Amino acid sequence: LSLSLCLSFSIVLKAQILAGGRGKGVFDSGLKGGVHLTTDPAVVGELASKMLGYNLTTKQTPKDGVKVKTVMVAEALDISRETYFAILMDRACNGPVMVGSPQGGMDIEEVAARTPELIFKEAIDIFEGVRDDQALRMAANLGFKGPLERQAADQIKKLYDLFLKVDATQVEVNPLGETPQGQVVCFDAKINFDDNAEFRQKAVFAMDDTAESDPIETEAAKYDLKYIGLDGNIACFVNGAGLAMATCDIIDLHGGKPANFLDLGGGVKENQVYAAFKLLTADPKVEAILVNIFGGIVNCAIIANGITKACRELELKVPLVVRLEG
Ligand SMILES: *[C@@H]1O[C@H](CO)[C@@H](O)[C@H](O)[C@H]1NC(C)=O
């Protein structure tokens with residue numbers, strides 16, 4: 001007697017690296033392709049063992065590739081219809097809002113520009129949560145019919161639970177699709193998390209992979225500084241996002257162009273000021289530095305000490321204009 005176990009569904013294995021072109025990539029184990037489909041469960045382990053711990057090289061990776069530490073193994077499904085669904089924080093609604101379109105799988109901004117009548121919104125009451133009638137109306141607007149409408153409505157409510165649980169500012173599912181077998185599935189999603197919730201979302205923030213972020217922004221974040229790179233040549237060193245923007249506007253008004261702005265925020269320490277100067281002066285575009293500090297939320301002496309220390313140690317070569325007030 002010989003038994004052969006064969007699944008009625010396919011399994012997909014996908015090497016998890018932050019680079020595109022994985023399907024056509026090559027592993028240094030010899031395995032070709034970062035994405036594999038199989039119906040034979042026995043092959044899964046074999047394939048995974050040729051992926052994990054090996055380097056995958058694709059068109060978008062460095063030539064030695066990127067080491068694969070995680071492989072996604074999931075049921076492979078066909079998509080018969082694609083919709084768009086998101087929950088995000090919206091100032092105009094003073095809270096979360098659901099946004100959906102039966103036109104999924106593509107760029108939602110384009111759908112909004114070309115066919116605004118295909119974008120549906122529902123404001124969510126933060127105390128009540130997503131009501132049944134709201135979820136069902138959204139599911140119907142997304143074009144889910146018959147039993148799929150209920151299924152989609154349930155998913156919508158669960159997505160809102162997720163949104164709350166992980167302190168998201170946005171949960172975007174594109175596509176929220178249906179399969180030929182009549183399942184509603186979140187095929188691809190992007191979640192943004194509220195930085196202010198880091199203290200209670202340790203597990204989420206521990207997954208942060210900065211390998212592909214702007215290195216200056218990443219370095220700034222280490223010192224609790226917010227750095228935004230711009231195109232001009234005047235570096236701005238400010239405290240508070242509002243003051244940062246007002247400072248950029250004033251520079252612009254007077255015919256200059258900001259190279260960046262670095263927001264110190266409140267509760268500054270001297271070493272942060274030093275780190276900030278190091279970051280600002282490392283940018284070759286910077287031809288002058290403007291410091292504009294509102295002393296109402298920070299002790300100006302700390303800033304002044306930090307600046308003088310930085311000027312001495314970094315041998316500052318560009319003009320520096322400092323305004324400390326408060
Ligand atoms: C594998 O990739 C890593 C980067 O993830 C790189 O540092 C290393 O040199 C590569 N190894 C080989 C054998 O190419």
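Ligands are counted one by one from 1 in listed order, and the atoms in each one are counted from 1 as well. Small disclaimer: the values here were computed from a predicted structure and weren't measured.
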| field | ILVMFWY cluster, Val111 and Phe85 together (side-chain gap under 4.5 Å) | value |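 Different clusters: Val111 never reaches Phe85 through Ile, Leu, Val, Met, Phe, Trp or Tyr contacts under 4.5 Å.
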Closest approach of any protein heavy atom to [atom], naming residue and atom:
atom	value
atom 13 (C) of ligand 1	Asp28 OD2, 4.0 Å
atom 3 (C) of ligand 1	Asn55 ND2, 3.6 Å
atom 4 (C) of ligand 1	Gly65 O, 3.9 Å
atom 5 (O) of ligand 1	Lys67 N, 3.2 Å

| Within a distance of under 4.0 Å, is there any protein heavy atom near atom 9 (O) of ligand 1? |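 Under 4.0 Å from atom 9 (O) of ligand 1, zero protein heavy atoms found.
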| task | Give the numbers and elements of all ligand 1 atoms closer than 4.0 Å to a heavy atom of Val66. | result | 5 (O)
| request: Report yes or no: is the cationic atom of Arg81 (NZ for Lys, CZ for Arg) under 6.0 Å from the centre of the six-membered ring of Phe144, at an angle within 45° of the ring normal? | output: yes
| Tell me, which pairs form a salt bridge (Lys or Arg N to Asp or Glu O under 4.0 Å) where one or both residues lie in residues 241-268, sequence neighbours left out? | Asp252-Lys257
| message | Is it the case that the side chains of Glu172 and Tyr84 hold a donor-acceptor pair, with the cut-off being a distance below 3.5 Å and no angle test? | response |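 Yes, Glu172 and Tyr84 have a side-chain donor paired with an acceptor closer than 3.5 Å.
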| query | Going by atom types alone, do Thr179 and Asp78 pair a side-chain donor with an acceptor below 3.5 Å? | reply | no
